Amino acid sequence: MSWAPVIGLLLGGAAAGVLYAFQRFWHAGPLVGATLAIVVLAALSRCLHLDGLADLADGLGSGRPADQALDIMRRSDIGPFGVAVLVLTVLLQVTALTQADALGRGVISVITAAVTGRLAVTWACRRGVPAARGEGLGALVAGTVHPAVPVALFRGRTGRGSLVQLDFAVAIAAGLAVSAGVTRLAVRRLGGITGDVLGALTEIATAGCLLVLALS
């Protein structure tokens, strides 16, 4: 889990390459380029994070006790809460990246957002955050990361190169703050984190980061 941001860097680099290529060589425009970049991020993760986002929305939206909510999250179907949250989150990611690209920082924005999404996973796996159940990915990784690790990674990302700019630092912090709030909600409602929760945190932190970077 400590290496998750490195995976985010690789995925973000691939998405940024697609965004740059379609802008530079095919003049596709910000909207098409941003859409394809988000598609690349989803495809390279096999849509598992989006699936986790939908499952978490259904579980929390049900208003059921923790055990019943977890059962809902295990189901293969997607309910109305999941569909709504999934569509709105992807729409926010695409439109925010489109605007960031129009501002001339689309490439670095998608990389930053992808890293932020995975950094949110690292932070959620810190010691003191329990697993919601005794099996699955959540039980395997919960509490495995020392709190100093995500702090050091955050400082490393905001203290070098172009990310030293205030807007990028604020964007990363915003994405992590939103994901921290969702983590706290999951612990309170479900009793801890699961693989679905971690996937949802990735998408939510990515969207939050891109939203800030879309602001001029």
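Treat the numbers as computed from the prediction; the structure is a model and nothing was measured.
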Considering only distance and modelled atom types, tabulate donor-acceptor pairs under 3.5 Å from the side chains of residues 8-15, sequence neighbours left out.
none

Scan for salt bridge (charged side-chain N to carboxylate O under 4.0 Å, His left out) pairs involving residues 16-31, sequence neighbours excluded, and state none if there are none.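 Passing the test, one end in residues 16-31: no pairs.
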Can you pull the salt bridge (charged side-chain N to carboxylate O under 4.0 Å, His left out) pairs that have at least one residue in residues 51-63, sequence neighbours excluded?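 Matches after skipping sequence neighbours: none remain.
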Would you give me the side-chain donor-acceptor pairs under 3.5 Å for residues 176-185, sequence neighbours excluded?
residue: Ser179; atom: OG; partner: Gly175; partner atom: O; Å: 3.4
residue: Ser179; atom: OG; partner: Leu176; partner atom: O; Å: 2.8
residue: Thr183; atom: OG1; partner: Ser179; partner atom: O; Å: 2.8

Identify whether [X] and [Y] are in the same connected component of the hydrophobic contact network (ILVMFWY, side-chain heavy atoms under 4.5 Å).
X	Y	result
Val40	Leu48	no
Val39	Ile7	no
Leu91	Leu50	no
Leu88	Leu53	no

From [X] atom [atom1] to [Y] atom [atom2], the distance as rounded to the nearest 0.5 Å:
X	Y	atom1	atom2	answer
Leu210	Gln99	CG	CD	12.0 Å
Leu60	Leu190	CG	CG	5.5 Å
Arg126	His146	CZ	NE2	12.5 Å
Ile172	Asp167	CD1	CG	10.0 Å
Thr35	Ile38	OG1	CD1	8.0 Å
Ile108	Leu19	CD1	CG	11.5 Å

By ring-ring contact (aromatic ring centres under 6.0 Å, His included), which residues pair with Phe22, not counting sequence neighbours?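 In terms of ring-ring contact (aromatic ring centres under 6.0 Å, His included), with neighbours along the sequence ignored, Phe22 is linked to Trp26.
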Tabulate below the donor-acceptor pairs under 3.5 Å that side-chain atoms of residues 70-84 make, not counting sequence neighbours, or state none.
residue: Asp71; atom: OD1; partner: Arg74; partner atom: NH1; Å: 2.7

Sequence neighbours left out, what passes side-chain contact (heavy atoms from CB on, under 4.5 Å) with Pro65? Give chain and number order.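 If we apply the side-chain contact (heavy atoms from CB on, under 4.5 Å) test to Pro65, skipping adjacent residues, the hits are Asp67, Gln68.
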Thr98: which residues meet the side-chain contact (heavy atoms from CB on, under 4.5 Å) condition with it, sequence neighbours left out?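 Scan of Thr98 (side-chain contact (heavy atoms from CB on, under 4.5 Å), adjacent residues dropped) gives Pro30, Leu31, Ala34, Val94.
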Under a single-linkage rule joining Ile, Leu, Val, Met, Phe, Trp and Tyr whose side-chain heavy atoms are separated by less than 4.5 Å, which residues share a cluster with Leu211?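 Its cluster mates, by chain and number, are Leu92.
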Show the nearest heavy-atom pair for residues [X] and [Y], with the distance to one decimal.
X	Y	value
Thr112	Cys209	CG2-SG, 3.9 Å
Cys125	Met1	SG-CG, 3.6 Å
Leu213	Arg105	O-NH2, 2.8 Å
Ala139	Arg133	CB-O, 3.4 Å
Val141	Thr144	O-OG1, 2.7 Å
Pro5	Val115	O-CG2, 4.0 Å

Quick one: side-chain hydrogen bond (donor to acceptor under 3.5 Å, both in side chains) partners of Asp101, sequence neighbours excluded?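 side-chain hydrogen bond (donor to acceptor under 3.5 Å, both in side chains) list for Asp101, sorted by chain: Gln23.
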Which pairs with one or both residues in residues 79-88 pass side-chain hydrogen bond (donor to acceptor under 3.5 Å, both in side chains), sequence neighbours excluded?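 Those involving residues 79-88 do not exist here.
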Identify every side-chain donor-acceptor pair in residues 193-208 under 3.5 Å, counting partners at least two apart or on other chains, and give the distances.
residue: Thr194; atom: OG1; partner: Asp196; partner atom: N; Å: 3.2
residue: Thr194; atom: OG1; partner: Val197; partner atom: N; Å: 3.2
residue: Thr202; atom: OG1; partner: Leu198; partner atom: O; Å: 3.1
residue: Glu203; atom: OE1; partner: Gln93; partner atom: NE2; Å: 2.9
residue: Thr206; atom: OG1; partner: Ala113; partner atom: O; Å: 3.4
residue: Thr206; atom: OG1; partner: Thr202; partner atom: O; Å: 2.7

